[in-house]
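Below you'll find the structure, written out as structure tokens, and then a few comments.
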Amino acid sequence: MNFANDKSPISLLQFLDENYIIPSGKTLKWWANSVSMKYPAFRGMMKAKRKILSVRIILNFANFLNIRPEEFIQRQNRFLLDQYLIKNKGQKSLKRIEIKVEQKLVKGILLNNFLRPMNISRQELSEQMKTSGSDYDNFFNNLKHAYQSYEFLCRMGEALGTGGKFWLDLQTKENLDLYLIKHPYQKRNLHWNPPKHFAKSDHPIENNQQQPGVMIMEQYIKPSNIHFHHWADFFCMGPDTLHRIVDGRRIMDFRFISLLVKAFEKKASYWIELQNKYLVSKYQIECSAKNQIKPLSRKTINYKYTNLGNILVMEHLKPLDLAPNRFGKYIGGKDSIGHSLVTGKIKVGVEIAMKFSQALGTTPMYWLDLQMEEYLAKELGIKNCTRSGKYNTKSN
Amino acid sequence: MKFDQSFVNCSWEEAFSQIVSNNTVFLDPILIVRADIPEKVYRFRDYLRSRADVLVAQLGRCSNIKYIEIELLLLIDPSYVKRKLKKDVAHQPAILHLRSKILDLSFRPLILIDNCQFLNFNLLFRILRIVNELEDKAMFVFILPVDYVNLWCNAKTKNKRLAFFLKIIKYKYEFCER
């Protein structure tokens, strides 16, 4: 049944009336008997031109006419949706919930390229990384410096099978962008872009990576024949701080790297790469064997006993790192609406389907179809609802 | 060391304003080599004093030179620095003081250090530090008489600090008013 090209959609009852009841030439009483309804109720329904038919009535019609009930329900949903759109024309729509990748490079790529496609929640990732959930929150909310949290990033790399270098590079880029907003005059000294590779094999890191501080000391400071404290003056720091960098107790910041670029011939990319490689090799030597983090694999969702609420949470909210209650608030309901959605207390009607679609970037029919499957499963007594949507009325 | 000689035979005013205006985006330190003819130099100094955005530190042959002349001659109260030096306090407070003074100004100053032949080379890296600290706030112009050019250029064997100093200064101009 193709109703996609219908210019003016008609209600399901009108459709049934025009296509089946009137052409048949039978009386309303005969039809009422055929669809297992009482005559007065059936007559009242026809007289009032009811726009919404219950699933039970639709099933009866479908059974009698030997047509799949989904087609009738979809037609009804389509009609209701059009009515809603006409009624609420020009109404401001909700903004789609998404993480802007440009603004939060690490978080955006983690959610959009890893957690969402792999169906992994934030909690599962932090469990795999053997860190607490609060560590994860602190990391993203406080925007810690990449170098302070290199161990966290390396753990994340191991858990996602990308290697720590990938995440360190991303975090460095994020911090560099922030630094350059504050210090735009450093742009010519600190020009660097991370390599775009996801696989671990793209970042081969040797375990005995040289520490940048030692390299600076051996290759530049000692041969220069200039006293150490003069170099400290040049780098705008005290000799103690420079000692800490040379020893590897302190990590080179962007200010230091910009002065290195000024003083020596190497570019900023050389120093940043050197430092990131060193940090990864440091992690590999010190912590990797101790932590023994295994990479996560793509998780398949078990739909065996699932309902619409579970699909909403598992497929849409978890990858977005969003709690059902917060989502409920976002779409304009009370706090409890989130819980009610998950448990199935609230049924998805046209209005909720529209809001879902606007917030999550799906079509409203997707949600209405899911709700239809749930109704049908309930009516037909199917306990294990599958998402295939194959309901054979005859099998019941 | 290569000098840009395109400003040879220009007048001081013309050359100086062009050199400075070419470098307003990044505020790199500049080295200008001038002819050491007294009359011309006096006229040049008069011109500099007439510019509102220029802070001149004119180094001279006197006993104080071994200390941080530039800070003394710039906005800092001499008694403040002397007091700090007596207590043998590190260089840091003086720099912070200088930086705060520069930040208070409503314009980006042009700090001109004349007579660079008198620079105390033990303190060269302190000057580089000041340049680095103020790289976004002020432009530094070092002026050296032409007689000292050879001394500076051949400094690699004599004094590596000078060579490094020259390396850091990005733009070098030779200016000789005939």
- Item | Main-chain N/O of B/L128 paired with A/D233 side-chain donor or acceptor, under 3.5 Å |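 No, A/D233 side chain to B/L128 backbone: no donor-acceptor pair under 3.5 Å.
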- Item | Any residue meeting ring pair (Phe, Tyr, Trp, His ring centres under 6.0 Å) with A/Y179, in chain and number order, not counting sequence neighbours |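 Ring pair (Phe, Tyr, Trp, His ring centres under 6.0 Å) list for A/Y179, sorted by chain: A/H183, A/F254.
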- Message: Distance check, rounded to the nearest 0.5 Å: A/H230 atom NE2 versus B/R129 atom CZ?
- Response: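 Separation between the atoms: 12.0 Å.
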- Distance, nearest 0.5 Å, that separates NZ of A/K182 from CG of B/D136: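 Output value for this atom pair is 13.5 Å.
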- Item | Residues, nucleotides or ligands: over 12 heavy atoms within 6.0 Å of B/Y42 OH |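 Check fails, neighbour count at 12 or below.
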- Item | Whether over 12 other heavy atoms sit under 6.0 Å from B/K167 NZ |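 Result for NZ/B/K167: enclosed.
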- Could you label the plane-to-plane angle of the B/F164 and A/W231 rings as parallel, tilted or perpendicular, counting under 30° as parallel and over 60° as perpendicular?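 B/F164 vs A/W231 ring planes: perpendicular.
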- Query: Looking at B/E133 and A/C236, what are the two nearest heavy atoms and their distance?
  - Reply: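 In this case the closest contact between B/E133 and A/C236 is OE2-CB, 3.6 Å.
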- Item | Closest approach of A/F234 to B/N132 (non-hydrogen atoms, all atoms of both residues) |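 Taking A/F234 first and B/N132 second, the nearest heavy atoms are O-ND2, 2.8 Å.
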- Task: Between chain B and each of A/Q186, A/H229, A/R188, count heavy-atom pairs under 4.5 Å; write down the option with the most.
- Result: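 Looking at each option in turn, the highest pair count goes to A/R188.
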- Report the C-alpha separation of B/D28 and A/K262 in whole Å, then their side-chain angles, then the decisive distance to 0.1 Å, and conclude whether the side-chain contact (heavy atoms from CB on, under 4.5 Å) test is met. CA-CA 11 Å; B/D28 285 316; A/K262 226 180 199 184; 5.6 Å; no
